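Shown next, in structure tokens, is the structure this report addresses.
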Amino acid sequence: MQIFHRSTNTISRATIFGAVFIIAILLWGSIQWQRSPYVTYAKVARPQPVPFSHQHHVAGLGIDCRYCHTSVETSSFAGIPPTKTCMNCHSQIWSGAPMLEPVRESFRSGKSLVWNRVNDLPDFVYFNHSIHINKGVGCDTCHGPVDRMPLMFNYASLQMEWCLDCHRAPEKYLRPREQVFNMRYEQPSSDKPATLDGKQYTDQLSLGTDLVHKYNLRSVADITSCSTCHR
Amino acid sequence: MMTPPRMGATHLCTKTGTTRAYVLHPFAICLLVPVVLLAACRQDMHDQPRFKPLRQSDFFADLRSARLPVQGTVARGQLHEDSYFYTGKLGNNPGDYMPFPVTEEVLARGQQRFNIYCAPCHSRLGDGNGMIPQRGFRHPPSYHDERLRKAPLGYFFDVMTNGFGAMPDYASQIPVRDRWCIVAYIRALQLSQGATAADVPPGQKVPSEPPVFGEPGSGATPTPTIDGEQR
């Protein structure tokens, strides 16, 4: 007895075939979703107790990153400035502004200002600023155009694939050390060649490859081994 | 009964109602559960019960995980025996010599650190017309005043270490050796203002090219180079 109509043959085949697609799409979707700002919070500005503007202080006033992030060149941690650093200037500038009241309150009482972390790696990952700075990785390669951020957001996903993209081919990103703090650095191009040690470069790869040798970078196998970042 | 070869497929098909559930369910679990749980699972090992720098601690009343050394104790390497190096003073008066020899490297370091920490107020020339006084901070005196030209080296060190009048101290932002490098650089700045062609030693070439500055507002403090080597 024929219970099912013959057309169910086609439907069944379509279902089996379609399932593959549905599974693939779900898989792709979940991977993409995992990378999306919903999960990584990339490019989402975080609220802060004081609306501190890097745009204003860095681009507007020309203050170097190291004035506030004093340990970035020498330690793993870049350092968030203590209240005293703000008061260096704000003891006199905008000293009555209500916006800055939390800063003054913290200075008076000695209680820490609690900033919301923006870039936050999981605790099972080891990261170190000083090595990146000293080997010529610019702040903006990882943190984006900080000098144009009225409120701080994380620019990169900070996921493992992002770290590895660079560790597998650091020459794509390296720049001369003295340009690390320059938020407007542009990679050399034929329009804007860069000169280093008397040699002219018109593309990033040749400059990067030379910098890899100049700064004695370790081998790619070494810096992509799991124990470099998971120790 | 003769079963046409294709009937196999039909047979499977007749069961789709149930088979699909079996076939798809494990897949659905594999796919959907991680997708749903990914968000929930993310924090498991991400926030471990240990302290990264500046992390908040619920144990101490002031919420700081970083503690001050116990009163009356001195950490290794922090016993300041060489008192001139740490105070710039001989007895109660500022001394007028450098605690270590001044080399090109010391001056280059001093220039870089001066441009980071002092230039916002004192300007790169040391004339006191930096960006912050222009926005309302008290105007600092020019380093090229008669009085400050005659000031002993230790005096500059002391101002940086303890502050002076409206000027905040920089002891927490600048390590001791860097402060001395800045002192050496300020003296060089002062000497450069009164220099004449006669001060140039015979055979020494004075560079005639105008200096190159970073793009304003880029946040960069260019690192000086000596013989193409950056310091």
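Quick note on labels: first sequence line is chain A, next is B, and so on, each numbered from 1. Heavy atoms only: backbone and side chains are in, while hydrogens, waters and symmetry mates are out. None of the values given here were measured: they were computed from a predicted structure.
Distance CZ/B:Arg55 to CG/A:Asp120: 6.5 Å, rounded to 0.5 Å. Here the straight-line distance linking atom CD1 of B:Ile116 with atom OG1 of A:Thr70 works out to 10.5 Å at 0.5 Å rounding. Within the model, atoms CD of B:Gln173 and NE2 of A:His69 stand 11.5 Å from one another, a figure rounded to the nearest 0.5 Å. Atoms CZ and OH, on B:Arg113 and A:Tyr67 in that order, are 13.5 Å from each other to the nearest 0.5 Å. Rounding to the nearest 0.5 Å gives a distance of 4.0 Å between OH of B:Tyr170 and CG of A:Asn88.
Counting non-hydrogen atoms of other residues, nucleotides and ligands closer than 6.0 Å to OH of A:Tyr126 gives a total above 12. Remark: A:Met160 CE is loosely packed, at most 12 non-hydrogen atoms of other residues, nucleotides or ligands lying under 6.0 Å away. Within a 6.0 Å radius of CZ in A:Phe77, other residues, nucleotides and ligands contribute more than 12 heavy atoms. Applying the 6.0 Å contact sphere to CZ of A:Arg6 captures no more than 12 heavy atoms from other residues, nucleotides or ligands.
If you measure heavy-atom distances from A:Val180 to chain B, you find no contacts under 4.5 Å at all. Residue contact with chain A, scored on non-hydrogen atoms closer than 4.5 Å, involves the side chain of B:Arg64 exclusively. For chain B, the nearby parts of A:Leu121 are the backbone and the side chain; heavy atoms of each come within less than 4.5 Å. Of the atoms belonging to B:Gln56, it is side-chain heavy atoms, and not backbone ones, that fall under 4.5 Å from chain A. In this structure, chain B has a heavy atom under 4.5 Å from the side chain of A:Ser91, while its backbone stays farther away. At a 4.5 Å heavy-atom cutoff, B:Ala119 makes no contact with chain A through either its backbone or its side chain. Within the 4.5 angstrom heavy-atom criterion, atoms from both the backbone and the side chain of B:Ile132 approach chain A.
Taking both residues in full, the closest heavy atoms of A:Phe124 and B:His46 are given as CE2-CD2, 3.5 Å, listed atom of the first, atom of the second, then distance. Taking both residues in full, the closest heavy atoms of B:Pro168 and A:Lys84 are given as CB-NZ, 4.1 Å, listed atom of the first, atom of the second, then distance. Closest non-hydrogen pair, A:Gln92 versus B:Gly136, comes out as OE1-O, 4.4 Å.
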Next on the checklist: Pair B:Tyr117, A:Asp64 - check side chain to side chain contact (heavy atoms under 4.5 Å, CB included), show working.
Outcome noted: CA-CA 8 Å; B:Tyr117 296 106; A:Asp64 194 283; over 6 Å; no
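Top candidate by heavy-atom pairs under 4.5 Å with chain A, chosen from B:Asp169, B:Ile174, B:Asp62, is B:Asp169.
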